[in-house]
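In what follows, chains are A, B, ... by sequence order, proteins preceding strands, each numbered from 1. None of the values given here were measured: they were computed from a predicted structure.
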Amino acid sequence: MIRAFSLSSFPLEALHYYNAMMFQGQCSPDNHTFSFVLKACEKAKAGEKCGEAHGSIIRNGYVNDVIVCTNLVRSYAGNGLIQMGKKVFDEMCQRDLVSWNAMISCYSQAGLHDEALKVYNLMRSSNVGLDEFTVVSLLSSCADVGALNFGVEISKIVDDNGFMNNVFVGNALIDMYTKCGNLDEARWVFERMRRRDVSTWNSMIVGLGVHGFGDEAVAYFRQMFTVGLRPNSVTFLGLLCGCSHQGLVEEGVEYFRTMRSKYYVEPNIKHYGCMVDLFGRAGKLEKAMEIIKSSPSADDPILWRTLLGACKIHKSVEIGEVAMRNLEHLNALSAGDCVLLARIYAEAQDKHGVSKMRKLIKSQGIKTTPGWSWIEVEGNVRRFVVADSSHTDSEETNKKLKEILHGASLVGYVEEESREEWSGNPGCYHSEKLAIAFGMARTPHGATLRVVKNLRVCRDCHSFTKFVSKAFNREIIVRDRVRFHHFKDGICSCKDYW
DNA sequence: GTAGGGTTAG
């Protein structure tokens, strides 16, 4: 009974049976019981119960059981208690391949990529080997942080070990290459794959979409039918995202309409998010607002936040204020929202509005998300925040930045003043400028730079990067929070539409 | 007779 329910969509029911069994006390749990109970805890998000089961595992003498303990690691981690999972992992008297893989994937899924890498390094010196599961988790981490060099290292491991026939591995490779900005390599992996499933196609479609190649995403979409595969909700997310970034409004509207009627895929909140973005980005702000109102969740702050972002692009104070009021009303105001509206006010020369937003941030104690950028240079991932002087070599970075600013200005770059006005600090450079400067200082002439950042690129940095690519003859690939920008010869692949 | 790990998502 516990097993059946732990595998069902009512995992809590499994815990009820476990409780009843323990309460009755006529039979004691064994190693299998715990494996299923832990699975149920993970699925049901029952962290306390997981700790309770841990106690019973100790009392019943199963602390030396590899499988039970591996389950325990996952169950803790799946409940957000990853430190507890790590403790169990460290104290296990023996760890096999599956245990190591579980620990790595837990860190990877929690976004703790440095930790995942550390575990992997320890794993290599422990003689358990590695398999397809190991590389999939590692590739997923590379994709998340945009660590192309490490990703390439792993793809060598894939080739050396003959893991390429595994469909998960191929999919993870495609995802890694697209998220690290190397679309050609992603296409090449796709071509080489012997078997492809829906996720394979989705990884390509999503990857092309975030790069702004909506038309190519559509081509893959059409082609997947010829091999008898049906699109799912992720497929449409990729498509809509691609249409949105390329400004293919009519195509996007058509896919949104037919996804339900023709392909029987019910749009969810994320699809509505894409549509708000599609209309908003294209300047159809009223249409975007209609989508929010017609969506099954008009009370979702992300939809209003997307609209607010569109108001920034198209300088609409009026609708921006509507979006803001809705966010306030939903009690979901973040500092980023206030900053956005403040910038809209600033562009409309509304000083009163700007100061109103500043006060709001202070009075509400809203935390700002610090913007950061990272770049992989000489085998290390370096992270920069705005006006970063925390590194021992920041002198070098600043010097290089001055040089680059000068070089960019010679080919036409004009630094924007509003940025300084807003930050109140003339020497306050955005993190991507620092990352680019650091990359220029530490890589040979002509080498491609790849920068990943957690927020959107600002207009000034976008213009700066265009001129740098021209002045110094460098290809610069920037992955921002939602899409890629390929800068080359003074032009960006987004065609200034972002 | 029953047990552990992996990819894509506004």
Peer 1: Classify the nucleic acid contact of A/Leu139 as base, sugar-phosphate or nothing, counting any heavy atom under 4.0 Å across all strands shown.
Peer 2: nothing

Peer 1: So which atom in A/Val189 and which in A/Gly170 form the shortest heavy-atom distance, rounded to 0.1 Å?
Peer 2: CG1-O, 3.8 Å

Peer 1: Minimum heavy-atom separation for A/Gly181 and A/His211, please, with both atom names.
Peer 2: CA-CE1, 3.7 Å

Peer 1: Select base, sugar-phosphate, or nothing to describe what A/Asp131 touches, counting heavy atoms under 4.0 Å on all strands.
Peer 2: base

Peer 1: Side chain of A/Lys179 only, heavy atoms from C-beta on: which candidate in B/dG4, B/dA3, B/dT8 is closest?
Peer 2: B/dT8

Peer 1: Are A/Lys39 and B/dT2 close enough that a side-chain N or O sits under 4.0 Å from OP1 or OP2?
Peer 2: no

Peer 1: Does A/Asn166 get its side chain close enough to the base of B/dG6, under 3.5 Å, for a donor-acceptor pair?
Peer 2: yes

Peer 1: Whole Å only: how far is the CH2 atom of A/Trp304 from the C1' atom of B/dG10?
Peer 2: 16 Å

Peer 1: Looking only at the aromatic ring of each residue, does the gap between the centers of A/His54 and A/Tyr76 stay below 6.0 angstrom?
Peer 2: yes

Peer 1: Taking only N and O in the side chain of A/Arg74, is any of them less than 4.0 Å away from OP1 or OP2 of B/dG6?
Peer 2: yes

Peer 1: Counting only side-chain heavy atoms from C-beta out, which of B/dA3, B/dT8, B/dG10 sits nearest to A/Ser35?
Peer 2: B/dA3

Peer 1: Looking only at side-chain atoms of A/Val206, point me to the closest of B/dA3, B/dG6, B/dT8.
Peer 2: B/dT8

Peer 1: Expressed in angstrom and rounded to an integer, what is the separation of A/Glu42 atom CD from B/dG6 atom C1'?
Peer 2: 13 Å

Peer 1: Within the side chain of A/Thr258, is there an N or O that forms a donor-acceptor pair under 3.5 Å with the backbone of A/Glu254?
Peer 2: yes

Peer 1: Report which part of the nucleic acid A/Asp30 touches: base, sugar-phosphate, or nothing (heavy-atom distance under 4.0 Å, all strands).
Peer 2: nothing

Peer 1: Once you apply a heavy-atom cut-off of 4.0 Å, does A/Ser99 come out as touching a base, just sugar-phosphate, or nothing?
Peer 2: base

Peer 1: Write down the distance between CZ (A/Phe89) and P (B/dG4), rounded to a whole number of angstrom.
Peer 2: 18 Å

Peer 1: Quickly work out the A/Leu229 CG to B/dT8 C1' distance and round it to whole Å.
Peer 2: 14 Å

Peer 1: Would you classify A/Asn232 as touching base, sugar-phosphate or nothing, given that sugar-phosphate means primed atoms plus P, OP1 and OP2, and contacts are heavy atoms under 4.0 Å?
Peer 2: nothing

Peer 1: At under 4.0 Å between heavy atoms, what does A/Phe36 touch on the DNA or RNA strands: base, sugar-phosphate, or nothing?
Peer 2: sugar-phosphate

Peer 1: Out of B/dT8, B/dA3, B/dG10, which has the shortest distance to the side chain of A/Asn31?
Peer 2: B/dA3

Peer 1: Test your reading of the model: is there a side-chain donor-acceptor pair from A/Glu432 to the backbone of A/Val451, 3.5 Å cut-off?
Peer 2: no

Peer 1: Is it the case that B/dG4 (base atoms only) and A/Asp96 (side chain only) share a donor and an acceptor within less than 3.5 Å, ignoring hydrogens and angles?
Peer 2: yes

Peer 1: Looking for any heavy atom pair under 4.0 Å, which part of the strands does A/Val66 touch: base, sugar-phosphate only, or nothing?
Peer 2: base

Peer 1: Apply ring pair (Phe, Tyr, Trp, His ring centres under 6.0 Å) to A/Phe256 and A/Phe236, showing your working.
Peer 2: CA-CA 8 Å; A/Phe256 186 63; A/Phe236 284 102; 9.6 Å; no

Peer 1: For the base of B/dT7, is there a side-chain donor-acceptor partner from A/Ser199 under 3.5 Å away?
Peer 2: yes

Peer 1: Donor-acceptor pair under 3.5 Å: do we get one between A/Thr134's side chain and the base of B/dG6?
Peer 2: no

Peer 1: Rounded off to whole Å, could you give me the NZ-to-P distance for the A/Lys270 and B/dT8 pair?
Peer 2: 11 Å

Peer 1: Centroid-to-centroid, A/Phe221 to A/Trp201, below 6.0 Å?
Peer 2: no

Peer 1: Heavy atoms under 4.0 Å, any strand shown: does A/Leu303 hit a base, just sugar-phosphate, or nothing?
Peer 2: base

Peer 1: Take atom CD1 of A/Ile154 and atom C1' of B/dT7, then tell me their distance rounded to the nearest Å.
Peer 2: 14 Å

Peer 1: Heavy atoms only, 4.0 Å cut-off, all strands: where does A/Asp277 land among base, sugar-phosphate and nothing?
Peer 2: nothing

Peer 1: Kindly point out which of B/dT7, B/dA3, B/dG6 is positioned nearest to the side chain of A/Asp175?
Peer 2: B/dT7

Peer 1: When you measure from the side chain of A/Arg3, which nucleotide among B/dG10, B/dT8, B/dT2 comes out closest?
Peer 2: B/dT2

